[in-house]
Amino acid sequence: MLPQRLDRRLCFAYLNSIAASSSSAPSRRPLRLLPHRSHARPTSFSANCAAGSLSGPAVQQDDAVSGYRLPAKEIQEIVDVPPNPSYHVSPRRDRIMFLKRRAMPPLSELAKPDKVLAGIRIDSSSNMRSRMPFYTGISLHLLMDDGSLGPEKVVHGYPDGAKINFVTWSPDGQHMAFTVCYEDEVSSGSNLALWVADAESGQARPLFQSTDIRLNAIFELFVWVDHSTLLVCTIPSSHGDSPKKPLVPFGPRIRSNEQKNVIRMRATKEMLKDLHEEELFKYHATSQLVLVSLDGRMKPVASPAIYTSLNPSPDEKYLMLTSVHQPYSSIVSYKRFPRKVELWTVDGRFVREVCDLPLAENIPVAANSVRRGKRLIRWRPDMPSTLYWVEAQDGGDANIEVSPRDIVYTEPAEPLNDEKPQVLIKLDLRYRRISWCYGLHALVYEYWYKTRRTRTWVISPDCKDLSPQLLFDRSSEDAYSSPGSPMMCRTRAGTLVIAKIRTSEGTCILMKGQGATPKGSVPFLDLLNIVTGAKERIWESGKEKYYESVLALMSYHPKCEIQLNQLKLLTSKESRREAPQYYLSIWPDKKQVKITNYPHPYPQLALLQKEIIRYQREDGVKLTATIYMPPGYNPSKHGPLPCLIWSYPGEFKSREAAGQVRRSPNKFARISNNFPLLWLARGFAILADPTIPIIGEGDQEANDRYIEQLISSAEAAVNEVVRRGIAHPGKIAVGGHSYGAFMTANLLAHAPHLFCCGIARSGAYNRTLTPFGFQREVRTLWEATDTYIKMSPFMLANKIKKPILLIHGEEDSKVTTAMQSSHFYNALKGHGVPGRLVILPFEGHRYAARESIMHVIWETDRWLQKYCASNSRSTQVMESSGETAQSPADCEPGCEGVEFHQDI
């Protein structure tokens with residue numbers, strides 16, 4: 001049994017001892033759907049697909065065993081399925097790399113000692129971020145002229161069991177660089193090494209031959225400067241031993257605002273607490289930059305500093321180095337520390353300081369507020385060595401009305417005497433990004449959250465006489481009108497620019513989009529003339545059976561000029577019952593060549609049923625949900641099922657946008673380890689992601705009507721699944737994660753007539769503990785006191801009567817700290833509410849370790865079996881008229897005489 005609290009090092013040792021038995025995936029076998037233990041109707045479907053006990057013991061005995069619990073092996077087999085490899089196409093589009101991944105880490109990895117400093121978690125044993133995901137293997141394939149893949153070439157040479165990360169192609173695609181993390185420390189005292197591999201042979205080797213070179217991967221570890229040279233962050237030779245925490249502190253912790261500054265911060269954790277933590281942050285994050293060639297030659301560059309970003313110029317002559325420095329802060333992360341940007345040449349000559357920004361503690365909490373001074377400093381990807389950046393004209397405060405609001409500037413790396421930065425464009429909304437197209441054109445995007453307005457401008461950066469032309473002006477919420485985004489290609493230097501497509505009628509660009517429609521998403525590819533705005537659809541996904549999408553441009557040209565009849569695309573294709581596969585689509589005949597053949601990850605659920613349903617709530621807003629049903633289930637034959645509704649509210653400015661369909665009926669149903677589709681194997685119907693729009697039109701604040709709209713949306717969803725005969729009206733559970741957990745608690749408080757129980761994971765339930773805003777709420781507690789109070793289910797703990805399961809990661813660093821769940825549980829317990837609180841050691845906002853995830857599944861199943869599947873009380877009020885869902889005569893045994901609750 002794992003004790004409730006253990007010293008982290010002791011717990012790490014304990015977990016290592018059990019990792020082998022708990023982290024190995026069981027062998028695959030067909031899923032056996034266990035029968036319902038009570039109230040099961042003796043139909044053929046019930047016999048094969050009804051809910052039952054996952055882990056053997058009866059529900060009453062569940063608390064007799066402590067420690068981590070496992071669901072049945074059949075469920076474990078689904079959860080343990082490793083994800084398909086991720087892909088990484090070479091810059092010249094002649095090779096494709098597949099990176100193998102594992103399913104879940106063991107809890108022992110999360111339990112490893114780490115340090116939490118300035119908003120980041122540091123693994124001091126490997127000088128990198130802790131809890132990083134990694135790859136387990138690399139394989140390479142040549143892309144043949146006919147679109148097929150050449151033979152697999154496995155990258156080899158590194159030790160077995162190595163954890164691979166930071167995988168990057170060289171600009172010419174002839175080599176890859178990556179890190180290898182060993183389980184045990186090597187002789188140098190660090191277990192992290194930088195390796196390079198030859199793309200032709202697959203042979204890998206360590207880049208550094210000397211064991212005196214130790215890597216620092218706290219921030220950006222390395223970057224390719226050219227085809228054969230890397231810039232690497234290493235630990236300075238003068239590093240010494242880690243600072244020791246003094247037995248007697250330096251002094252009291254003091255925070256002062258005698259200057260009367262207005263500083264509003266959303267709730268934060270993991271910031272620097274004292275002078276000792278400042279010393280630790282500086283010790284672990286400081287790097288010495290080293291230029292190293294593939295033949296092993298090394299040269300230090302610049303002085304040691306806390307480098308957070310490394311950016312070589314496209315012409316391989318300059319290095320833009322971004323670092324942070326003191327004074328640090330105890331209330332913001334390193335991202336707002338004083339920031340310095342310098343230019344150096346690759347031979348080590350200091351060029352100039354681009355900027356040195358002060359500490360930014362006082363960025364307003366209002367949406368679209370930004371840092372003062374130069375921000376988003378970048379190299380133009382289509383020019384040899386030209387910088388561009390943005391400067392706010394409103395002091396970074398979105399509350400200030402000013403025109404223009406942002407100005408984009410550009411200048412060469414080494415300006416001539418008295419040469420001033422050039423204005424590229426002035427914007428009245430907040431700058432979002434630029435996509436460049438080799439000087440001929442560029443697309444500039446601006447956005448304003450409060451109105452959801454987004455605009456796209458066409459500029460000619462190298463033609464000063466041409467004024468910006470407005471290309472798109474639309475609502476960011478309007479999925480139906482989305483024009484898509486431009487397809488990018490790699491230049492010879494490895495930078496990304498917009499691909500230019502040569503046609504018989506001139507030069508166009510390719511725009512790929514999701515293609516949202518009232519009947520479901522239909523991804524598309526358009527040819528767009530950005531001068532005239534004319535467009536032509538040249539590709540579209542199938543609509544009847546398959547969902548297809550464009551992933552990447554596979555045609556290569558040094559100047560990114562591609563003939564339309566030579567177009568090659570990497571696409572994916574899937575259906576409700578067929579797992580996604582990758583294809584090469586080759587023009588002009590659009591021939592499709594299948595390049596992967598992944599098996600169905602869970603064949604035992606291959607015949608699950610999926611349908612996108614449309615309905616509307618009482619105020620006429622159209623809603624959408626995806627209903628999943630077990631294989632072979634027929635409502636008219638087998639009757640209603642217990643149902644789990646899992647959702648997450650969204651905020652909108654218009655009813656029309658809230659009612660749009662943003663999903664496809666043809667997408668494959670991938671079952672993630674934290675998604676409720678697992679309970680299809682338990683005979684449940686699953687209503688996944690029913691839209692819960694919280695709408696604030698015009699000057700209205702959406703959250704002022706949060707409760708009203710939440711209840712109305714939930715009632716509409718419940719009414720629809722009951723009307724269809726899919727869900728039993730007395731056996732409907734509701735659940736969600738994060739803001740979905742907040743939703744769950746509010747529904748049990750305000751709409752107990754709809755649900756028999758709830759499952760709330762990693763939620764925040766008391767909004768007075770997040771006084772400077774939450775989610776998209778930008779008003780403070782003192783500006784919208786009634787809204788904060790009314791939205792907090794913590795304040796209604798005495799009104800909640802239905803059972804609620806609370807789950808939280810003990811080390812959640814977001815505003816949804818574990819304290820939120822603990823306080824809410826105590827409030828519920830103080831009013832006799834049936835509840836259960838599960839705190840997961842070492843877990844954050846989302847759960848990662850196999851032991852934790854399996855236990856969450858076990859807890860969830862126990863809750864659903866006890867309070868939903870076995871629930872015999874039918875207390876449903878269905879229509880707003882107050883009619884009950886069924887008469888007592890229709891109740892299951894034991895529910896006669898139940899008092900039906902009226903709508904609150």
Side-chain angles (χ1 to χ4, degrees), residues 115-122 124 127-129 214-223 231-243 250 253-256 259 261 263 265 268 270-291 300-312 318-345 348-363 370-378 387 389-392 396 413:
K115 295 178 173 64
V116 183
L117 303 168
I120 55 177
R121 307 184 73 99
I122 297 173
S124 58
N127 306 306
M128 63 189 296
R129 303 283 183 96
R214 299 173 61 194
L215 306 179
N216 194 338
I218 302 302
F219 295 107
E220 188 165 12
L221 171 59
F222 69 88
V223 64
L231 181 65
V232 185
C233 283
T234 66
I235 294 177
S237 57
S238 59
H239 200 48
D241 295 329
S242 175
F250 294 107
R253 300 176 187 174
I254 300 173
R255 295 165 64 180
S256 173
Q259 301 82 9
N261 294 323
I263 299 177
M265 299 296 304
T268 54
E270 301 183 346
M271 303 302 115
L272 298 176
K273 300 181 182 67
D274 51 34
L275 289 176
H276 173 65
E277 290 201 349
E278 289 190 15
E279 290 180 346
L280 282 176
F281 174 72
K282 185 176 181 179
Y283 174 84
H284 288 291
T286 298
S287 296
Q288 171 64 62
L289 299 180
V290 175
L291 280 168
V301 176
S303 301
I306 302 175
Y307 293 105
T308 59
S309 179
L310 316 174
N311 289 287
Y318 298 94
L319 302 172
M320 180 166 60
L321 308 178
T322 303
S323 61
V324 298
H325 59 82
Q326 293 175 311
Y328 305 138
S329 171
S330 62
I331 62 173
V332 295
S333 76
Y334 76 92
K335 296 178 182 180
R336 295 195 185 183
F337 288 178
R339 180 184 300 171
K340 181 185 294 185
V341 179
E342 296 178 337
L343 292 185
W344 293 69
T345 63
R349 176 176 65 87
F350 175 74
V351 177
R352 65 186 175 100
E353 181 183 285
V354 178
C355 68
D356 190 355
L357 304 178
L359 180 66
E361 289 184 330
N362 59 345
I363 299 177
V370 296
R371 192 171 192 156
R372 295 181 181 180
K374 295 181 179 180
R375 71 180 198 276
L376 301 174
I377 304 170
R378 304 284 188 270
L387 296 170
W389 68 89
V390 189
E391 293 187 41

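What you see below is based on every heavy atom in this structure, not just the backbone, and it leaves out hydrogens, waters and symmetry mates.
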What's the verdict on side chain to side chain contact (heavy atoms under 4.5 Å, CB included) for R371 and I363, showing C-alpha distance, side-chain angles and the deciding distance?
-> CA-CA 6 Å; R371 192 171 192 156; I363 299 177; 4.1 Å; yes
Is the ring centre of Y328 less than 6.0 Å from the ring centre of F281?
->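 Distance test on ring centres: under 6.0 Å, yes.
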Taking the side chain as every heavy atom from C-beta outward, state whether [X] and [Y] have any pair of such atoms under 4.5 Å apart.
X: L289; Y: P300; value: no
X: V290; Y: V301; value: no
X: R214; Y: N127; value: yes
X: E391; Y: R375; value: no
X: I331; Y: M271; value: no
X: Q326; Y: F337; value: no
X: V341; Y: M320; value: yes
X: I377; Y: V354; value: yes

Which pair of heavy atoms, one from [X] and one from [Y], lies closest together, and at what distance?
X: C233; Y: L310; result: SG-CD1, 4.0 Å
X: V370; Y: A392; result: CG2-CB, 3.9 Å
X: R352; Y: A413; result: NE-O, 2.8 Å
X: P327; Y: P338; result: O-CD, 3.1 Å
X: S309; Y: E220; result: CA-OE1, 3.4 Å
X: Y283; Y: P243; result: CG-CD, 3.6 Å

Stepwise, does the side chain to side chain contact (heavy atoms under 4.5 Å, CB included) test hold for R255 with S330?
-> CA-CA 9 Å; R255 295 165 64 180; S330 62; 4.1 Å; yes
Donor-acceptor pair between H284 and N216 side chains, under 3.5 angstrom |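 Their side chains do not contain a donor-acceptor pair, so the 3.5 Å distance test is not met.
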Is it the case that S329 and E361 place a side-chain donor and acceptor less than 3.5 Å from each other?
->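 Their side chains do contain a donor-acceptor pair, which is all the 3.5 Å distance test asks for.
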Could you please spell out the steps behind the side chain to side chain contact (heavy atoms under 4.5 Å, CB included) verdict for L275 and F250?
-> CA-CA 7 Å; L275 289 176; F250 294 107; 3.5 Å; yes
From [X] [atom1] over to [Y] [atom2], what is the distance, rounded to the nearest 0.5 angstrom?
X: N261; Y: S256; atom1: CG; atom2: OG; result: 9.5 Å
X: E342; Y: L319; atom1: CD; atom2: CG; result: 11.5 Å
X: L280; Y: L272; atom1: CG; atom2: CG; result: 9.0 Å
X: Y318; Y: L387; atom1: OH; atom2: CG; result: 10.0 Å
X: F222; Y: T234; atom1: CZ; atom2: OG1; result: 14.0 Å
X: L291; Y: L231; atom1: CG; atom2: CG; result: 5.0 Å

[X] side-chain N/O to [Y] backbone N/O, donor-acceptor pair under 3.5 Å:
X: Y307; Y: A285; result: no
X: R129; Y: I218; result: yes
X: Y334; Y: A118; result: no

Side chain to side chain contact (heavy atoms under 4.5 Å, CB included) between I122 and L117, worked out = CA-CA 7 Å; I122 297 173; L117 303 168; 4.1 Å; yes
Walk me through it: do R121 and E270 pass the test salt bridge (charged side-chain N to carboxylate O under 4.0 Å, His left out)?
-> CA-CA 8 Å; R121 307 184 73 99; E270 301 183 346; 3.3 Å; yes
How would you list all residue pairs meeting salt bridge (charged side-chain N to carboxylate O under 4.0 Å, His left out) that involve residues 327-341, not counting sequence neighbours?
->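 Counting only pairs at least two positions apart or across chains, no salt bridge (charged side-chain N to carboxylate O under 4.0 Å, His left out) contact touches residues 327-341.
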